[in-house]
Undergrad: 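Before I ask anything, here is the structure I am working with.
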Number of protein chains: 2
Amino acid sequence: MGGRTARAGGDTRTRIVDATAALLRRQGYEGTGVKQIARDAGATLGSVYHFFPEGKEQLAAEALRRDSEHYTELLRDGLRSSDDPAEAVAACAHLLADRLKESDWLDGCLVAATALEKVGRSPVIQRTWEESLAAWQEQIAAKLRTCGMPARTAEEAACTVLSALEGAEVLSRISSDDASLRTAAVYLGRLIVALRSDG
Amino acid sequence: MGGRTARAGGDTRTRIVDATAALLRRQGYEGTGVKQIARDAGATLGSVYHFFPEGKEQLAAEALRRDSEHYTELLRDGLRSSDDPAEAVAACAHLLADRLKESDWLDGCLVAATALEKVGRSPVIQRTWEESLAAWQEQIAAKLRTCGMPARTAEEAACTVLSALEGAEVLSRISSDDASLRTAAVYLGRLIVALRSDG
DNA sequence: CTCTGGATAGAGCGGTCGTTCTAGAACTCT
DNA sequence: AGAGTTCTAGAACGACCGCTCTATCCAGAG
């Protein structure tokens with residue numbers, strides 16, 4: 001058998017992390033088995049534990065970091081799409097809706113998918129969640145500050161925007177309907193407009 | 001009829017549903033075992049499958065229905081606390097924050113906790129999610145209409161409020177900090193005020 | 001009393017879980 | 001060429017999974 005000459009899709013380690021991320025997104029932490037990860041990645045159990053000696057938690061933590069970058073890029077693209085922060089935030093919601101719809105409501109945010117079953121029982125993973133959320137919130141807050149919103153207000157509004165985006169994604173997945181995310185786009189936009197006009 | 005020996009806490013069937021709800025909230029669907037449910041409920045596996053012959057999914061569906069009622073009551077209490085819809089919605093967020101904090105960030109919304117791992121793979125449970133969300137949204141929308149908000153706007157704003165509450169709860173659980181929910185209280189209030197003033 | 005049927009009790013089924021372990025293949029360095 | 005390292009390969013382990021099954025218990029009906 002072929003040995004280590006990296007199969008299609010990059011080196012083994014990368015394929016394992018990618019497969020982990022994809023599976024965790026769709027079926028959560030407890031619902032995903034290490035053997036299934038190996039199978040999907042086209043690797044063997046031996047390889048998995050060779051690259052990730054700390055096991056499933058390390059695997060999940062790395063997948064979370066990788067996925068976090070994807071969302072950071074999505075937010076960056078959405079936020080850049082308009083000079084108006086209200087429109088920019090709405091664009092982010094629409095990008096999330098597009099992505100979710102394309103995957104038949106399967107691929108949601110990895111943070112949300114893993115958080116609710118592992119919260120409080122894995123310090124390693126906990127840190128990756130917090131880092132991801134902090135980065136995303138700061139991205140949004142920075143955009144809000146560009147229209148002169150006070151730093152404190154921008155930070156808090158960004159927190160609420162993030163909450164609404166995460167929640168709307170959950171609602172959209174449950175009902176197999178992008179309405180929640182599209183609606184959030186509109187009303188978060190209105191919220192930002194309102195905050196701008198009365199400081 | 002009726003399990004006659006009924007230990008402390010009501011009849012066996014009720015205890016099983018309660019234990020299921022409590023465990024699902026804390027560790028999700030896949031992370032919760034039927035034997036653990038039986039143990040926590042002070043029942044035996046035989047009793048569990050006697051009352052819930054369709055197994056774990058039926059168990060989860062019933063727990064979801066029970067939990068949904070609790071949230072409906074919480075929303076009702078919050079919404080009744082003020083004539084001003086903006087203040088009423090904020091009160092709901094604070095009630096959620098209080099409840100979450102009391103349980104050391106463990107007891108969140110059962111819908112969110114189970115949705116992300118079972119979405120698209122259990123029609124029975126899917127229906128309970130949708131019914132819960134629809135009921136909660138309508139509760140909030142009804143309150144918004146009391147200040148003359150158009151029905152369509154009220155419905156959409158209620159959807160966004162619900163998204164933000166669910167999302168803020170997730171964020172609060174992750175960071176073991178009620179700031180997200182308290183912030184959502186303030187900014188959802190501002191959103192409603194803004195919607196009222198420009199229709 | 002016996003009979004009945006809901007409820008309780010838990011051993012046991014086949015299967016999967018995360019993980020460990022040994023063996024060997026492929027490549028580098030000397 | 002030989003030694004050493006890295007990576008692949010998958011059998012095997014004990015624990016636990018959801019679920020089935022038989023046996024027993026017990027209140028009320030006759």
Side-chain angles (χ1 to χ4, degrees), chain A residues 1-21 23-24 26-64 114 117-118 121-125, chain B residues 1-21 23-24 26-64 114 117-118 121-125:
Chain A
M1 174 52 102
R4 16 106 286 87
T5 8
R7 304 183 193 196
D11 64 295
T12 306
R13 202 194 137 94
T14 303
R15 290 198 327 271
I16 292 172
V17 175
D18 288 343
T20 304
L23 286 169
L24 289 182
R26 287 169 150 82
Q27 38 194 32
Y29 187 89
E30 300 293 349
T32 300
V34 177
K35 283 172 186 168
Q36 185 185 12
I37 290 171
R39 203 183 319 124
D40 278 32
T44 65
L45 215 45
S47 297
V48 172
Y49 279 93
H50 169 74
F51 287 112
F52 305 92
E54 290 163 55
K56 194 179 180 184
E57 288 204 7
Q58 184 187 2
L59 222 30
E62 296 232 20
L64 276 160
T114 53
E117 30 181 354
K118 286 296 277 184
R121 52 186 84 207
S122 170
V124 182
I125 300 182
Chain B
M1 194 40 183
R4 1 118 294 311
T5 354
R7 305 182 191 197
D11 63 296
T12 306
R13 201 194 139 94
T14 302
R15 289 196 330 268
I16 292 172
V17 174
D18 287 344
T20 304
L23 286 168
L24 289 182
R26 287 170 151 80
Q27 39 194 31
Y29 186 89
E30 301 293 349
T32 300
V34 177
K35 281 173 185 165
Q36 187 184 10
I37 290 172
R39 203 183 319 123
D40 278 33
T44 65
L45 212 47
S47 296
V48 171
Y49 280 93
H50 170 75
F51 288 113
F52 305 92
E54 289 162 57
K56 194 180 179 183
E57 288 205 7
Q58 184 188 1
L59 222 30
E62 297 231 19
L64 277 160
T114 54
E117 32 181 351
K118 286 296 278 182
R121 51 186 87 208
S122 171
V124 182
I125 299 182

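In what follows, every chain begins at residue 1, and chains take the letters A, B, ... in the order their sequences are listed.
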Undergrad: Which part of the nucleic acid, if any, lies within contact of Gly55(A), taking any heavy atom under 4.0 Å across all strands shown: a base, the sugar-phosphate backbone alone, or nothing?
TA: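 Here Gly55(A) touches the backbone only, sparing every base.
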Undergrad: Which nucleotide in the set dG18(D), dG10(D), dT6(D) lies at the smallest distance from any side-chain heavy atom of Tyr49(B)?
TA: dG18(D)
Undergrad: Among dT19(C), dT6(D), dT20(D), which nucleotide sits nearest the side chain of Lys56(A)?
TA: dT19(C)
Undergrad: Choose from dC7(D), dT20(C), dA11(C) the nucleotide whose nearest atom is closest to any side-chain atom of Leu45(A).
TA: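 Selected nucleotide: dT20(C).
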Undergrad: So, applying side-chain contact (heavy atoms from CB on, under 4.5 Å) with Leu64(A), which one of Thr20(A), Val124(A), Val17(A), Ile125(A) is it?
TA: Ile125(A)
Undergrad: Could you check how far CZ of Arg39(A) sits from C1' of dT16(C), rounded to whole Å?
TA: 11 Å
Undergrad: Just the rounded figure in Å: distance from P of dT19(C) to NE2 of His50(A).
TA: 17 Å
Undergrad: In Å and rounded to the nearest 0.5 Å, what is the NZ to CG distance from Lys35(B) to Leu45(B)?
TA: 6.5 Å
Undergrad: So if I take every side-chain heavy atom of Lys35(B) and compare against dC7(D), dC19(D), dG18(C), which nucleotide ends up nearest?
TA: dC19(D)
Undergrad: Among dA9(C), dT8(D), dG18(C), which nucleotide sits nearest the side chain of Thr44(B)?
TA: dA9(C)
Undergrad: Please report, rounded to the nearest Å, how far the C1' atom of dG18(C) is from the CG atom of Leu24(A).
TA: 14 Å
Undergrad: Atom CD of Glu30(A) and atom P of dC16(D): how far apart are they, to the nearest Å?
TA: 14 Å
Undergrad: Are Ser47(A) and dT8(D) close enough that a side-chain N or O sits under 4.0 Å from OP1 or OP2?
TA: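 For dT8(D), OP1/OP2 do have a side-chain N/O of Ser47(A) under 4.0 Å.
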Undergrad: Whole-Å distance between dC17(D) P and Leu59(B) CG?
TA: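 In whole Å, dC17(D) P lies 14 Å from Leu59(B) CG.
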Undergrad: Would you say Thr12(B) reaches dA7(C)'s phosphate, i.e. side-chain N/O to OP1/OP2 under 4.0 Å?
TA: no
Undergrad: 5'-most contact on DNA chain C: Val34(A) or Gly46(A), nearest heavy atom basis?
TA: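 Going by which nucleotide is closer to the 5' end, it is Val34(A).
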Undergrad: Can you tell me how far apart CG (Leu59(A)) and CZ (Phe51(A)) are? Round to the nearest 0.5 Å.
TA: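 Interatomic distance, Leu59(A) CG to Phe51(A) CZ, rounded to 0.5 Å: 12.0 Å.
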Undergrad: Mind calculating the distance between CD (Gln36(A)) and P (dC17(C)) to the nearest angstrom?
TA: 7 Å
Undergrad: Can you check whether Lys118(A) reaches Glu57(A) side chain to side chain, under 4.5 Å on heavy atoms?
TA: yes
Undergrad: How would you label the contact of Gly33(A) with the nucleic acid (heavy atoms, under 4.0 Å): base, sugar-phosphate, or nothing?
TA: sugar-phosphate
Undergrad: Round to a whole Å and report the spacing from CD1 of Ile16(A) to P of dA9(D).
TA: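 Taking atom P of dA9(D) as the reference, CD1 of Ile16(A) is at 11 Å.
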Undergrad: Rounded to the nearest Å, what distance is computed from the CD1 atom of residue Ile37(A) to the C1' atom of nucleotide dT16(C)?
TA: 14 Å
Undergrad: Using every non-hydrogen atom in the two residues, find where Ala60(A) and Tyr29(A) come nearest and quote the distance to one decimal.
TA: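 Looks like CB-CE1, 3.6 Å.
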